[in-house]
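In this text the structure is predicted, and so the values were computed from the model without any measurement. Here, residue 1 is the first one in the sequence, and each next residue gets the next number.
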Amino acid sequence: MGEPESPPAPIPRPEPLTSDDVAARGRHEFAVLLGEFRRTAVLVPTDEDEAPLVGDFGGIRWIYAFSNESALARFAIARGEGGREWPYQRLLGARLLDATVPAVSAVGVPCGVALDVGTEGEGALFPPVLGIVPEAAALDAEGIRG
């Protein structure tokens, strides 16, 4: 007979997540989403002057952008305007954040991008803050200018 078997090693339990861990995970997930948005062409509905369609909420002007025609159609239906034609431009997310947001912000109202408004659980907001939009259009840029 051989030696007695040793008891199995205990299964390591993961450490509970701290609020810092959760915040870091959220920042990472947002950074991934932002990178994907910047590399992707989105649909930006336009008004009769070919300006981006916007909505004001919380003191910020939000440019509406949609990941596909189905998301734009859901938005149109939610507004009760599903029966009309919705002209749009196809823009790279980076161009929208880096050029269009500052142009819209130049009229004196902070501007961000609202992606897939009307698509439950799938939308995202890209607010006018450093790291998302250029410094000239970022609300939090004033504090670092000194």
Colleague: Just so I know, are the side chains of Cys111 and Ile60 near enough to count as touching, which here means a heavy-atom distance under 4.5 Å?
Modeller: no
Colleague: Given 3.5 Å as the limit, does a donor-acceptor pair link the side chain of Trp86 with the main chain of Glu81, or not?
Modeller: yes
Colleague: Do Leu53 and Val109 sit in the same hydrophobic cluster, where Ile, Leu, Val, Met, Phe, Trp and Tyr count as joined when their side-chain heavy atoms come under 4.5 Å apart?
Modeller: no
Colleague: Let me see the working for Ser67 and Thr40 under side-chain contact (heavy atoms from CB on, under 4.5 Å), right down to the final yes or no.
Modeller: CA-CA 8 Å; Ser67 55; Thr40 302; over 6 Å; no
Colleague: Taking the side chain as every heavy atom from C-beta outward, state whether Val44 and Tyr64 have any pair of such atoms under 4.5 Å apart.
Modeller: no
Colleague: To check you understand the geometry: which heavy-atom pair defines the closest contact between Leu43 and Glu69, and what is its length?
Modeller: CD1-N, 3.5 Å
Colleague: Using residues 118-132 as the side-chain source, report each donor-acceptor pair under 3.5 Å to any protein atom, sequence neighbours left out, with the distance given to one decimal.
Modeller:
residue : atom : partner : partner atom : Å
Thr119  : OG1  : Arg74   : NE           : 3.3
Thr119  : OG1  : Arg74   : NH2          : 3.4

Colleague: Quick one: does Leu91's side chain get under 4.5 Å of Thr100's, heavy atoms only?
Modeller: yes
Colleague: Go through it in stages, so that I can follow the logic: the residues are Phe37 and Leu92, the test is side-chain contact (heavy atoms from CB on, under 4.5 Å), and I'd like the CA-CA distance, side-chain angles, deciding distance and then a yes or no.
Modeller: CA-CA 8 Å; Phe37 177 76; Leu92 197 59; over 6 Å; no
Colleague: Group every Ile, Leu, Val, Met, Phe, Trp and Tyr by side-chain heavy-atom contacts under 4.5 Å, then state whether Leu34 and Val42 land in the same group.
Modeller: yes
Colleague: Do you know which two heavy atoms are closest between Ala137 and Ser105, and how far apart they sit?
Modeller: CB-OG, 4.0 Å
Colleague: Between Val117 and Ala114, which heavy-atom pair has the shortest distance, and what is it?
Modeller: CG2-CB, 3.5 Å
Colleague: Is there side-chain contact between Arg61 and Val107, with heavy atoms separated by less than 4.5 Å?
Modeller: yes
Colleague: For Arg84, does the CZ atom have more than 12 heavy-atom neighbours from other residues, nucleotides or ligands under 6.0 Å away?
Modeller: yes
Colleague: According to a 4.5 Å side-chain heavy-atom criterion applied to Ile, Leu, Val, Met, Phe, Trp and Tyr, with indirect links allowed, do Trp62 and Val104 form part of one hydrophobic cluster?
Modeller: no
Colleague: Indicate if Val113 and Val54 have the same hydrophobic cluster label, given that clusters are the connected sets of ILVMFWY residues with side-chain heavy-atom separations under 4.5 angstrom.
Modeller: yes
Colleague: Taking atom CZ of Phe57 as the centre, report whether more than 12 heavy atoms of other residues, nucleotides or ligands fall under 6.0 Å from it.
Modeller: no
Colleague: Between Asp47 and Asp49 (side chain of the first, backbone of the second, donor and acceptor by atom type, cut-off under 3.5 Å), is there such a pair?
Modeller: yes
Colleague: Which atom pair, heavy atoms only, marks the closest approach of Ala71 to Asn68?
Modeller: N-OD1, 2.8 Å
Colleague: Take atom CZ of Arg38 as the centre, draw a 6.0 Å sphere, and report whether it contains more than 12 heavy atoms from other residues, nucleotides or ligands.
Modeller: yes
Colleague: Answer with yes or no whether the hydrophobic clustering places Ile63 together with Phe66; edges join I, L, V, M, F, W, Y residues whose side-chain heavy atoms lie under 4.5 Å apart.
Modeller: no
Colleague: What are the two closest heavy atoms between Glu50 and Gln89, and how far apart are they?
Modeller: O-NE2, 3.6 Å
